Visitor: 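Quick one: the structure is below, and I'll ask about it shortly.
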Amino acid sequence: MYYSVPRGTKDILPEEALLWQELEQTCRDIFRLSNYLEIRTPIFESTELFARSIGKTTDIVSKEMYEFKDRKGRSLTLRPEETAPVVRAGLEHSLIRPDQVTKLYYIGPMFRYERPQAGRQRQFHQAGVEVFGSADPLIDVEVILLNRQLFSALRLKGLSVNINSVGCKKCRPEFRKQLKDHFKYNINKMCADCQNRLEHNPLRILDCKEAKCQKYIELAPASVDTLCDECKGHFGAVIKQLDYHQVKFVVNKRLVRGLDYYTKTSFEIISSNLGAQNAVSGGGRYDDLVAELGGKPTPAVGFAIGLERLIEVMKKGTRDEGRGTQLDLFIATLGDKARELGFDLLIKARQKGRSADMDYLGKALKTQLKLADKLGAKQVLILGEDELNKGYGILKDMKTSKQTEVRIDSLEEVV
RNA sequence: GUGGCUAUAGCUCAAUUGGUUAGAGCACCAGAUUGUGGUUCUGGGGGUUGUGGGUUCGAGUCCCAUUAGCCACCCCA
């Protein structure tokens, strides 16, 4: 073993890659049904883009970015998430307009420098959607339903929706103030992280899991209680629609996501089949981000799904088992003449769109059949010297073991 | 960034208080059947015991460092 993958990264081997293909294709199909179109952006962007959008004081920006300088000294960063790049690209190419709805989706790798753990890698993959231009609560509901539809297409179980509203720039200052007032008397009894959070991001105190902080957090005001009329109405409309569409969810007043750009609706989808890293999907509304990045004020909603975590759920047996590899045709040959004829037929079978392969190691016939069996071949064409001399080949059905003789000049038709 | 556990064949795991040539199952290759798969039987290849030091007559085993994985914190997908 001379080299191994970099820490926190993984090779996806052929067997698992089949699962990935199914997952990615399902994402594309489902997103397509709701009229989302794909966008692909570079894997790195200017560092400033992420600092601006995600927030300089967030963990992601302050300590988890893969940042580097290129040869001209420009500061670039491997994307830790895809919302900001999509907004950037949308503005750059005038895809995003305040007066119309734009729906985009993406699938690809993201990078965060974190300590690896089950369900947490330094390179991981997300599939997500972003909707620009509508402040309608129905859009919030649409993206949540999109998650449900995707999970149901993948036959996944054990998932639950957590939802909250974190308010907007009108009502959030009041909420922050209430939180600060609430915590300031006891802050020195709370953990060091919370003491820091009090000043720069008091909302995140609510998400703290430290035991000694819990009793103060339990008594803290909830954002849903300080929402302005507009946010309250919006949240109510979302909840009403979720109920109407029979989405099982819980209002989690402590749900505060680690990216600063979220407004109003914020949600996470949790799997009961994973360890500590149990969020398979997360998202929400970010009505101020487009303007923050230089566009006209444009409301937006989106979410991102953690594909590695979904793959884990898929593997956990909470779904019907998939099938392994399959091959339409295997060609077994004996002797050089037969091998060349077999190769020619092999190429022709593939041109017809059949999956086909043959032995390239000069193995015994028995071994070739063994290999055909292992590859899940439906049919084997046996070409030996005897057959060629007599002018036919043998087509064997591997399921029924039935063999039929086929004249050489007809072989092209059967492969 | 913090704490705990772990690292032996491709995979899952053995190896007595430190003791000679590091074993087994599965997988792989081959033979039994000199041209017919799945079952069976027989044989075979494969290891610098994660890496680097140290203690010892002797280290897979004990000690230190390092790398990586796992679990949790933190954070998030």
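Bear in mind that the values here come from a model prediction, so they are computed numbers and not experimental data. First the proteins, then the strands, lettered A, B, ... as listed; each starts at 1.
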Visitor: With both distances under 3.5 angstrom, what nucleotide forms a Watson-Crick or G-U wobble pair with B/rA65?
Guide: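 Result: B/rU51.
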Visitor: Under 3.5 Å, side chain of A/Arg339 to main-chain N/O of A/Leu334, donor-acceptor pair present?
Guide: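 It does not hold such a pair.
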Visitor: Please give, in whole Å, the distance from B/rG38 P to A/Met398 CE?
Guide: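 So the CE-P distance, A/Met398 to B/rG38, works out to 9 Å.
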Visitor: Within the 4.0 Å heavy-atom criterion, would you say A/Gln368 contacts the bases, only the backbone, or no part of the nucleic acid?
Guide: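 No contact.
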Visitor: What nucleic acid atoms does A/Gly119 come within less than 4.0 Å of, heavy atoms only: base, sugar-phosphate, or nothing?
Guide: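 It contacts base atoms.
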Visitor: Considering every strand shown, what is the Watson-Crick or G-U wobble mate of B/rU33 when both distances are under 3.5 Å?
Guide: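 Looking at the geometry, B/rU33 pairs with no nucleotide.
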Visitor: Indicate yes or no: does A/Glu45 engage A/Arg88 in a salt bridge with an N to O separation below 4.0 Å.
Guide: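 Salt bridge: yes.
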Visitor: Whether A/Lys363 contacts B/rA30 is assessed here as follows: a side-chain N or O lying under 4.0 Å from the phosphate OP1 or OP2. Is that the case?
Guide: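 True: A/Lys363 side-chain N/O within range (under 4.0 Å) of B/rA30 OP1/OP2.
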Visitor: Answer with base, sugar-phosphate or nothing: what part of the nucleic acid does A/Glu308 contact at a heavy-atom distance below 4.0 Å?
Guide: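 Touches nothing.
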Visitor: Whole-Å distance between B/rC74 C1' and A/Ile60 CD1?
Guide: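 Distance check: A/Ile60 CD1 to B/rC74 C1' gives 13 Å.
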Visitor: Name the closest nucleotide to the A/Glu387 side chain, picking from B/rG37, B/rG69, B/rG35.
Guide: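 Nucleotide nearest to A/Glu387's side chain: B/rG35.
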Visitor: Which part of the nucleic acid does A/Ile305 contact within heavy-atom distance under 4.0 Å: base, sugar-phosphate only, or nothing?
Guide: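 Since no nucleic acid heavy atom lies under 4.0 Å of A/Ile305, the category is nothing.
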Visitor: Between B/rU36, B/rC76, B/rC73, spot the one nearest the side chain of A/Arg112, thanks.
Guide: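 Of the candidates, B/rC76 comes closest.
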Visitor: For A/Leu334 and A/Thr9, find the nucleotide of RNA chain B closest to each by heavy atoms; which residue's nucleotide sits nearer the 5' end?
Guide: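 It is A/Leu334, whose closest nucleotide lies nearer the 5' terminus.
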Visitor: Under 3.5 Å for both donor-acceptor distances, Watson-Crick or wobble: does B/rG38 have a partner, and if so which one?
Guide: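 Matched B/rG38 with nothing under the 3.5 Å cut-off.
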Visitor: For B/rG25, what is the paired nucleotide under Watson-Crick or G-U wobble rules, both distances under 3.5 Å?
Guide: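 Because both required distances fall under 3.5 Å, B/rG25 counts as paired with B/rC11.
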Visitor: Need one value for A/Glu268: base, sugar-phosphate or nothing, where a base atom within 4.0 Å counts as base even if backbone is also close, heavy atoms only.
Guide: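 Nothing, no nucleic acid heavy atom in range.
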Visitor: Quick one: label A/Thr367 by what it contacts on the DNA or RNA (base, sugar-phosphate, nothing), any heavy atom closer than 4.0 Å.
Guide: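 Touches sugar-phosphate only.
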Visitor: Under 4.0 Å, counting only non-hydrogen atoms across every strand here, what does A/Gly283 touch: a base, just sugar-phosphate, or nothing?
Guide: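 The answer is nothing, as A/Gly283 stays clear of every strand by at least 4.0 Å.
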Visitor: For A/Tyr113 and for A/Val256, locate the closest nucleotide of RNA chain B by heavy-atom distance; then report the residue assigned to the nucleotide nearer the 5' terminus.
Guide: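 Nearest nucleotide further toward 5': that of A/Tyr113.
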Visitor: Under 4.0 Å, heavy atoms only, any strand: does A/Gln117 hit a base, just the sugar-phosphate, or nothing?
Guide: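 Base contact - A/Gln117 has a heavy atom under 4.0 Å of at least one base atom.
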Visitor: So if I take every side-chain heavy atom of A/Leu369 and compare against B/rC76, B/rU36, B/rC70, which nucleotide ends up nearest?
Guide: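 Closest nucleotide to the A/Leu369 side chain: B/rU36.
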Visitor: Just checking A/Lys396: base, sugar-phosphate only, or nothing, at a heavy-atom cut-off of under 4.0 Å?
Guide: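 Base, at least one base heavy atom under 4.0 Å.
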Visitor: Contact class for A/Ala372 (heavy atom, under 4.0 Å): base, sugar-phosphate, or nothing?
Guide: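 Nothing, no nucleic acid heavy atom in range.
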Visitor: Would you mind reading off the distance between A/Asp386 atom CG and B/rG35 atom C1', rounded to a whole angstrom?
Guide: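 Computing the A/Asp386:CG to B/rG35:C1' distance gives 8 Å.
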Visitor: Is a salt bridge present between A/Lys177 and A/Glu174, judged by a nitrogen-to-oxygen distance below 4.0 Å?
Guide: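 Result for this pair is no, no salt bridge flagged.
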Visitor: Nearest whole Å is fine: how far is B/rG4 P from A/Arg115 CZ?
Guide: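 About 11 Å, once rounded to whole Å.
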Visitor: With respect to the phosphate group of B/rG69, does any side-chain polar atom (N or O) of A/Arg7 fall under 4.0 Å of OP1 or OP2?
Guide: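 So the side-chain polar atoms of A/Arg7 do come within 4.0 Å of the phosphate oxygens OP1 or OP2 of B/rG69, strictly under.
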Visitor: So, A/Glu292 side chain and A/Ser53 main chain: donor-acceptor pair closer than 3.5 Å or not?
Guide: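 A pair under 3.5 Å: no.
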Visitor: For A/Ile394, which contact category applies under a 4.0 Å heavy-atom criterion: base, sugar-phosphate, or nothing?
Guide: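 Here A/Ile394 touches the bases of the nucleic acid.
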Visitor: Hey, does the side-chain of A/Arg120 have a donor or acceptor N/O within less than 3.5 Å of a partner on the base of B/rC70?
Guide: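 For A/Arg120, whose side chain was compared with the base of B/rC70, there is no donor-acceptor pair (under 3.5 Å).
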Visitor: Looking only at the side chain of A/Glu385 (C-beta and beyond, no hydrogens), which of the listed nucleotides B/rG38, B/rG35, B/rC76 gets closest?
Guide: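 The answer is B/rG35, which lies nearest to the side chain.
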Visitor: Taking atom C1' in both B/rG23 and B/rA14, compute the distance separating them and give it to the nearest angstrom.
Guide: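 That atom pair is separated by 7 Å.
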Visitor: Of the options B/rA77, B/rU36, B/rG35, whose atoms approach the side-chain atoms of A/Lys366 most closely?
Guide: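 The closest nucleotide is B/rU36.
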Visitor: Over how many whole Å does the gap from A/Arg122 atom CZ to B/rG1 atom C1' extend?
Guide: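 These atoms are roughly 11 Å apart.
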Visitor: Quick one: is A/Lys374 getting a side-chain N or O under 4.0 Å of the B/rC28 phosphate, OP1 or OP2?
Guide: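 Result: yes.
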Visitor: If you look at every strand shown and take non-hydrogen atoms under 4.0 Å, does A/Leu259 touch a base, only sugar-phosphate, or nothing?
Guide: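 Answer is sugar-phosphate: A/Leu259 comes under 4.0 Å of backbone atoms only.
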Visitor: B/rG38 C1' sits how many Å from A/Asp397 CG, rounded?
Guide: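 That distance rounds to 14 Å.
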Visitor: Please verify the inter-ring angle class for A/Phe343 with A/Tyr360; under 30° counts as parallel, over 60° as perpendicular, anything in between as tilted.
Guide: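 The arrangement is perpendicular - the two ring planes meet at more than 60°.
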Visitor: In whole angstroms, how far is the P atom of B/rG35 from the NZ atom of A/Lys337?
Guide: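 Rounded to whole Å, this separation is 18 Å.
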Visitor: What is the nucleic acid contact for A/Glu82, judged by heavy atoms within less than 4.0 Å: base, sugar-phosphate only, or nothing?
Guide: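 No contact at all - A/Glu82 keeps every heavy atom at 4.0 Å or more from the nucleic acid.
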Visitor: Using a 3.5 Å distance criterion without hydrogens, assess whether the side chain of A/Glu81 forms a donor-acceptor pair with backbone atoms of A/Ala84.
Guide: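 The answer is yes, because a donor-acceptor pair under 3.5 Å joins these two groups.
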Visitor: Indicate, with a heavy-atom threshold strictly under 4.0 Å, whether A/Gly282 touches base, sugar-phosphate, or nothing.
Guide: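 Answer is sugar-phosphate: A/Gly282 comes under 4.0 Å of backbone atoms only.
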Visitor: Under the 3.5 Å rule, do the base of B/rG1 and the side chain of A/Ser62 count as making a donor-acceptor pair?
Guide: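 No, no donor-acceptor pair under 3.5 Å.
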Visitor: Under the 3.5 angstrom rule, does the side chain of A/Thr400 hit a backbone N or O of A/Lys402 as a donor-acceptor pair?
Guide: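 Yes: the side chain of A/Thr400 pairs with the backbone of A/Lys402.
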Visitor: Distance check, P atoms only: B/rA22 and B/rG50, in whole angstrom units.
Guide: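 Rounded to whole Å, the distance is 15 Å.
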Visitor: For B/rC26 and B/rA77, measure between their C1' atoms and round to the nearest Å.
Guide: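 Their C1' atoms lie roughly 35 Å apart.
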Visitor: Keeping the roles fixed (side chain from A/Arg79, backbone from A/Pro109), state whether a donor-acceptor pair exists under 3.5 Å.
Guide: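 Yes.
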Visitor: Separation of A/Leu375 atom CG from B/rC28 atom P, in whole Å?
Guide: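 After rounding, the reported distance stands at 11 Å.
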